[in-house]
Number of protein chains: 2
Amino acid sequence: MHLTVSEENYIKAIFHLQEADGTVSTNQLAANIHTKPASVTDMLKKLTSKRLLLYKPYQGVRLSSEGRKLALEIVRKHRLWESFLVDKLQFGWDEVHEVAEELEHISSKKLVDKLDQFLGNPRFDPHGDPIPDSNGVMLSLRQVNLLDLKPHTKAEVCSVGSQSPELLELLKHKQILIGTRLEVQCKFEFDHSLEIQLEGRGNITISQQLAQALFVKTI
Amino acid sequence: MHLTVSEENYIKAIFHLQEADGTVSTNQLAANIHTKPASVTDMLKKLTSKRLLLYKPYQGVRLSSEGRKLALEIVRKHRLWESFLVDKLQFGWDEVHEVAEELEHISSKKLVDKLDQFLGNPRFDPHGDPIPDSNGVMLSLRQVNLLDLKPHTKAEVCSVGSQSPELLELLKHKQILIGTRLEVQCKFEFDHSLEIQLEGRGNITISQQLAQALFVKTI
DNA sequence: AAAATTATTTAGATTTGTCTAAAAATATTT
DNA sequence: AAATATTTTTAGACAAATCTAAATAATTTT
Ligand SMILES: [Mn+2]
Ligand SMILES: [Mn+2]
Ligand SMILES: [Mn+2]
Ligand SMILES: [Mn+2]
């Protein structure tokens with residue numbers, strides 16, 4: 001099944017929008033994709049005829065199982081390319097989205113799987129979003145950067161942003177591991193440091209650099 | 001100046017075809033791009049109105065200086081991506097062309113320059129073709145794989161396909177360096193080995209594996 | 001339960017890139 | 001120099017993806 005870039009962008013947009021509501025409206029899609037509702041209706045008909053959507057006129061749309069499978073392939077490519085740009089080409093995590101928006105449409109399956117392997121089969125992209133594996137299986141939880149947690153949020157450490165010996169030394173010293181539970185107490189504007197409480201232990205201070213290297217899931 | 005994928009493919013095709021003749025005919029282009037002469041004429045008019053071509057109806061076409069500049073950017077991307085696929089993702093050199101045909105249209109200038117740097121600013125792609133630098137300057141000579149030289153051709157070694165210690169050990173033993181001049185004497189079908197004469201020295205045998213790792217320029 | 005508002009679809013037009021068939025220009029052969 | 005063959009351009013059509021304006025369906029307010 002070959003899809004055009006436009007068709008793929010619609011499929012991916014529906015995938016993300018239906019995460020929230022289950023079903024997606026024509027106007028929602030038009031806003032998301034920066035197009036007009038009339039154009040959306042045209043494309044919904046076309047993708048429905050390709051059996052990628054479950055679409056009831058006036059009632060909204062969602063992906064068929066085949067549509068969902070294709071969406072996951074596109075999301076996989078998007079997030080793997082973002083990881084490549086940040087980890088290998090030293091892009092900042094805030095400047096990769098637009099380029100990945102183009103790269104996600106490169107069609108070679110072999111390329112994607114080799115890229116995945118080259119990157120060490122990462123499970124999360126630079127924004128903490130999970131990367132589907134080559135079978136389209138994706139963890140549902142979202143990793144969040146510790147730096148982005150609001151005070152009084154409880155969370156559990158689930159991965160680290162790098163494997164540098166310096167980082168591991170510091171984590172060892174502070175006795176923080178994958179699975180450690182914590183609660184953010186307060187954040188300081190001056191140096192962007194955080195005070196956190198480690199579950200069962202006391203309060204400690206985390207520098208901006210360290211917080212940025214820790215990914216957590218809220219609990 | 002934003003170009004569509006089709007426009008870029010035409011520009012690149014004209015660039016390659018005009019290397020030979022200086023000027024390119026409508027039918028040549030149609031054959032090269034797998035389209036019809038009438039479609040070519042339409043596109044030639046369009047690209048001419050964008051000042052990328054010098055086009056005289058019935059007389060053929062060539063790139064303007066701005067067209068040439070754009071062509072070199074596309075060729076640069078194509079060859080850098082091919083290098084990435086072979087050097088980093090372990091693709092075979094014979095299976096990268098089609099994927100690069102898609103990747104060459106990704107538009108981020110920053111991406112290309114970071115990729116170039118990541119690859120160590122290679123001067124030749126996996127097929128021995130020179131890679132234009134970020135200013136559009138390209139060496140005119142083409143590297144050729146030693147394996148592809150015909151008997152009685154003289155050549156000079158100008159690069160090696162890998163930096164493995166095993167390869168370097170063998171080159172040291174055979175006293176072959178960058179700059180060594182040689183002449184292919186004969187080739188053997190059975191094991192694809194070559195007999196070559198090293199300038200000022202005698203004849204030696206080169207295995208298929210070794211020949212494949214040596215790039216030369218003909219002299 | 002009407003009326004008014006909002007969301008969605010339909011109808012018709014536009015742009016891009018392609019095609020086929022026919023006309024015109026150029027090149028080759030006699 | 002004609003006649004013939006080849007190349008190239010023009011004319012008109014089509015599919016894809018978009019748009020605007022108008023019609024219709026659904027929802028919300030009165
Ligand atoms: Mn996209
Ligand atoms: Mn992301
Ligand atoms: Mn291409
Ligand atoms: Mn190449």
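Below, each value reflects all heavy atoms present in this structure, side chains not excepted, and no hydrogens, waters or symmetry copies.
- Between C:dT6 and A:Asn27, no contact under 4.0 Å exists linking OP1 or OP2 to a side-chain N or O.
- Taking atom NZ of residue A:Lys45 and atom P of nucleotide C:dA11, one finds them 8 Å apart after rounding to whole Å.
- Going from atom CG of A:Leu3 over to atom P of D:dA16 covers 13 Å, rounded to whole Å.
- By the 30° and 60° cut-offs, the orientation of the rings of A:His97 relative to A:His78 is tilted.
- For B:Glu102 and A:Ser107, the side-chain atoms include at least one donor-acceptor pair closer than 3.5 Å.
- Ring centroids of B:Tyr10 and B:Phe15 are separated by 6.0 Å or more, keeping the two rings apart.
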Please encode protein proximity along nucleotides 18-24 of chain C as a string of B, S and -, counting only heavy-atom distances under 4.0 Å. BBB----
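- Comparing B:Thr26 and A:Pro57 along DNA chain D, the residue whose closest nucleotide (by nearest heavy atom) sits nearer the 5' end is B:Thr26.
- Across the protein-nucleic acid pair, A:Gln59 atom CD and D:dA25 atom C1' stand 9 Å apart, rounded to whole Å.
- Residue A:Lys56 places no side-chain N or O under 4.0 Å from the OP1 or OP2 atom of C:dT8.
- Contacts between residues 98-107 of chain A and DNA chain D, counted as heavy-atom distances below 4.0 Å, involve no residue at all.
- Heavy-atom neighbours of B:Lys36 NZ from other residues, nucleotides or ligands within 6.0 Å: at or below the threshold of 12.
- Relative to the six-membered ring of B:Phe91, A:Lys114 meets both conditions, a distance below 6.0 Å and an angle of at most 45° to the axis.
- Side-chain N/O atoms of B:Gln197 and B:Glu183 include no donor and acceptor closer than 3.5 Å.
- Applying the ring-ring contact (aromatic ring centres under 6.0 Å, His included) test to residues at least two apart or on different chains, the pairs with a partner in residues 100-159 of chain A are A:Trp93-A:His127.
- A straight line from CG of A:Leu53 to P of C:dT8 spans 15 Å, rounded to a whole angstrom.
- Between B:Gln143 and B:Lys217, every side-chain heavy-atom pair lies at or beyond the 4.5 Å cut-off.
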